[in-house]
> 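Just dropping this structure here.
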Amino acid sequence: MRVLIDVGHPGHVHFFKNAIWNLREKGHEVMVTSRNKEVTIDLLNAYGIPHNILTSTASENGSVFKEWMVRDYKFLNVAKKFNPDILAGIMNPCVAHASWLLRKKAFIFNDTEHQKFARKITNPFVEKVYTPSCYYDDFGKKQIRYNGYHELAYLHPNRFSPNPAVLEEMGLNETDTIIILRFVSWKAHHDVGQAGIKNKVKLVSELEKHGHVLITSEQPLGPELDKYKIRVSPEKLHDLLYYATLYIGEGATTASECAVLGTHAVYVNTLRTGYTNEEESKYGLVFNFSEGQNMEEEAFRKALDLLKNQDLKSEGRKKREKLLNDKIDVTGFMVKEMENAVL
């Protein structure tokens, strides 16, 4: 079996990496194309995954559409030469268009309800779209729901074991109170009109009274916050999230990563997702703050209240066990679906 996978975001690297390794171990041929966005290339190189960079993130307003037109063309040419049995990506128009033109099978995954424009130019060209069971929207017969989260493709215990060496590298230990913040860039098309944490400096000044504050950010932090920036290689972030006491941030993916690792998360963003909602309502591992004039203040109060709980970490691990008992190993599911598709 020949599989062509396109990754356009750091999260896509994590999602597909175990499937890439597993498919190759089974003797299948896998090619990866990439997009130079944030730490995507760094992660692919760190994991030893050969890849072909097609485009870089557009920097000017409106130029993202030009970039995707170029990417569509380049990806189609790669697909023609490689002649895959399966093409795969996460809500990826290039994969959808190339698979339709070449009459090949497409594996499109999506867990984000607000990617409405991407869906309009992707879903009509594919036979199936894979979503978590908690995904709000209904695509009809072409939608395949699975009982998991994207983050369980790489953070399920079958795929991930935390390495405490990251703590030593940062001068920390497992008994420390570690508070991780995440700020997004707000440059994606679906971020227009949305909001998250505005008073970052105030938040940090309050939180550092309770523990070690560390920040991962898609945007420049400025002189007041730069000293809190996480300065370890990006592939070690999940180890750090596992050992963290609490996460507060605008990134839904990172909130979900924390949840499946047993770390409580406070998610502050007017964009809500089915998976973070379920991780709150069913497992109590994520706390969503997405509406109201006092959204930010309420999130801060919740974070400070959680930090008062001396058993927060142990309670998170117990909640994680319930989550893992309910959900599947998403990589195992993905590989099986691909192999069955070409039988």
Side-chain angles (χ1 to χ4, degrees), residues 7 9-18 20-21 34 36-49 51 151-185 200-201 203-251 253-266 285 303 306-307 310 312-314 316-317 320:
V7 296
H9 184 277
H12 303 177
V13 181
H14 295 306
F15 181 77
F16 284 115
K17 67 181 180 184
N18 288 292
I20 292 168
W21 294 331
S34 61
N36 191 359
K37 175 180 171 62
E38 298 167 22
V39 296
T40 302
I41 305 305
D42 293 336
L43 284 170
L44 287 166
N45 292 338
Y47 292 131
I49 299 174
H51 57 100
E151 295 70 33
L152 286 171
Y154 52 97
L155 295 177
H156 191 280
N158 293 345
R159 312 291 169 182
F160 174 80
S161 296
N163 186 348
V166 70
L167 297 177
E168 184 178 353
E169 183 178 341
M170 300 186 70
L172 301 169
N173 60 64
E174 292 188 39
T175 60
D176 286 333
T177 298
I178 302 170
I179 307 162
I180 296 181
L181 306 182
R182 168 75 170 167
F183 304 133
V184 301
S185 65
K200 298 176 175 61
V201 174
L203 173 63
V204 171
S205 66
E206 288 297 317
L207 291 175
E208 68 178 349
K209 298 174 185 177
H210 300 271
H212 300 273
V213 175
L214 303 171
I215 301 175
T216 171
S217 179
E218 294 177 351
Q219 56 183 280
L221 291 174
E224 291 180 287
L225 298 179
D226 190 65
K227 66 180 180 179
Y228 300 97
K229 185 177 180 180
I230 296 173
R231 302 186 190 281
V232 297
S233 52
E235 73 274 10
K236 298 178 182 178
L237 179 61
H238 298 127
D239 299 308
L240 193 57
L241 294 178
Y242 177 85
Y243 292 108
T245 308
L246 182 66
Y247 163 82
I248 306 134
E250 301 162 335
T253 296
T254 312
S256 185
E257 289 172 339
C258 286
V260 303
L261 291 171
T263 298
H264 289 86
V266 176
L285 280 161
L306 288 167
L307 288 169
Q310 298 298 313
L312 190 63
K313 279 189 177 182
S314 60
R317 298 293 185 259
R320 180 195 188 212

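Quick caveat, the model's predicted, so the values are computed rather than measured. Just so you know, these numbers use all the heavy atoms, side chains as well, and skip hydrogens, waters and symmetry mates.
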> What's the shortest heavy-atom distance between Gly251 and Arg182, and which atoms?
N-CG, 4.0 Å
> Check whether Asn173 reaches the backbone of Thr175 with its side chain - one donor and one acceptor, N or O, closer than 3.5 Å.
yes
> Could you go step by step and tell me if Leu181 and Leu207 meet the side-chain contact (heavy atoms from CB on, under 4.5 Å) rule?
CA-CA 10 Å; Leu181 306 182; Leu207 291 175; 3.6 Å; yes
> Look up atom CD1 in Ile248 and atom SG in Cys258, then write down how far apart they are to the nearest 0.5 Å.
10.0 Å
> When the side chains of residues 154-162 are checked against the rest of the protein, which donor-acceptor pairs come out under 3.5 Å, sequence neighbours left out?
residue : atom : partner : partner atom : Å
Tyr154  : OH   : Glu257  : OE2          : 2.7
His156  : ND1  : Asn158  : N            : 3.0
Asn158  : ND2  : Asp329  : OD2          : 3.2
Arg159  : NE   : Asp329  : OD1          : 3.3
Arg159  : NE   : Asp329  : OD2          : 3.0
Arg159  : NH2  : Asp329  : OD2          : 2.9

> If you count the non-hydrogen atoms of other residues, nucleotides and ligands that lie under 6.0 Å from CD in Glu208, is the total more than 12?
yes
> Check side-chain hydrogen bond (donor to acceptor under 3.5 Å, both in side chains) between Glu169 and all other residues, then give those that pass, not counting sequence neighbours.
Lys236
> Where the side chain of Thr263 meets the backbone of Leu246, is there a donor-acceptor pair that is under 3.5 Å apart?
no
> For His12, check ring-ring contact (aromatic ring centres under 6.0 Å, His included) against everything at least two apart and list the hits.
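Result, ring-ring contact (aromatic ring centres under 6.0 Å, His included) vs His12: His9.
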> Any sub-3.5 Å donor-acceptor pair from Lys313's side-chain atoms to Ala244's backbone N or O?
no
> Please answer whether the main-chain N or O of Leu312 pairs with a side-chain N or O of Arg317 as donor and acceptor at a distance below 3.5 Å.
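No, because the side chain of Arg317 does not come within donor-acceptor range (under 3.5 Å) of the backbone of Leu312.
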> Calculate, to the nearest 0.5 Å, the distance between atoms CD1 and OH belonging to Ile180 and Tyr228 respectively.
15.0 Å
> Of the non-hydrogen atoms in Arg231 and Asp226, which two are nearest, and what is the gap between them?
NH2-O, 2.6 Å
> How many angstroms lie between NE2 in His14 and OH in Tyr47, if you round to the nearest 0.5 Å?
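Going from the NE2 atom of His14 to the OH atom of Tyr47 covers 4.5 Å.
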> Using 0.5 Å steps for rounding, measure from the NE2 atom of His212 to the CG atom of Asp176.
4.0 Å
> Over all heavy atoms of both residues, which pair between His210 and Thr177 is shortest? Give the atoms and the distance, please.
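Distance-wise, the nearest heavy atoms are O-CG2, 3.3 Å.
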> What are the two closest non-hydrogen atoms of Gln219 and Val184, and how far apart are they?
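Result for this residue pair: NE2-O, 2.5 Å.
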> Considering only heavy atoms from C-beta outward, does the side chain of Leu241 approach that of His238 to under 4.5 Å?
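Yes. Closest side-chain heavy atoms under 4.5 Å.
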> Return the minimal non-hydrogen interatomic distance between Glu250 and Phe183, and the atom names on each side.
OE1-CA, 3.2 Å
> Check ring-ring contact (aromatic ring centres under 6.0 Å, His included) between Phe15 and all other residues, then give those that pass, not counting sequence neighbours.
Phe109, His150
> Between OG1 of Thr245 and CG of Leu307, what distance do you get to the nearest 0.5 Å?
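If I round to the nearest 0.5 Å, the distance is 7.5 Å.
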> Please enumerate all residues that pass side-chain contact (heavy atoms from CB on, under 4.5 Å) together with Ala259, with sequence neighbours excluded.
Glu279, Leu285, Val286
> Is Trp21 close to Ile49 at the side-chain level, that is, under 4.5 Å between some pair of heavy atoms?
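Yes - at least one pair of side-chain heavy atoms lies under 4.5 Å apart.
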> Hey, could you give me the CG/OG1 distance between Leu261 and Thr254, rounded to the nearest 0.5 Å?
11.0 Å
> Compare every heavy atom of Leu214 with every heavy atom of Ile178, then report the nearest pair and how far apart it is.
CG2-CD1, 3.8 Å
> Holding to side-chain hydrogen bond (donor to acceptor under 3.5 Å, both in side chains), I want the full list of residues that pass it with His51, two or more places apart in sequence or in another chain.
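Partners of His51 under the side-chain hydrogen bond (donor to acceptor under 3.5 Å, both in side chains) test: Ser34, Asn45.
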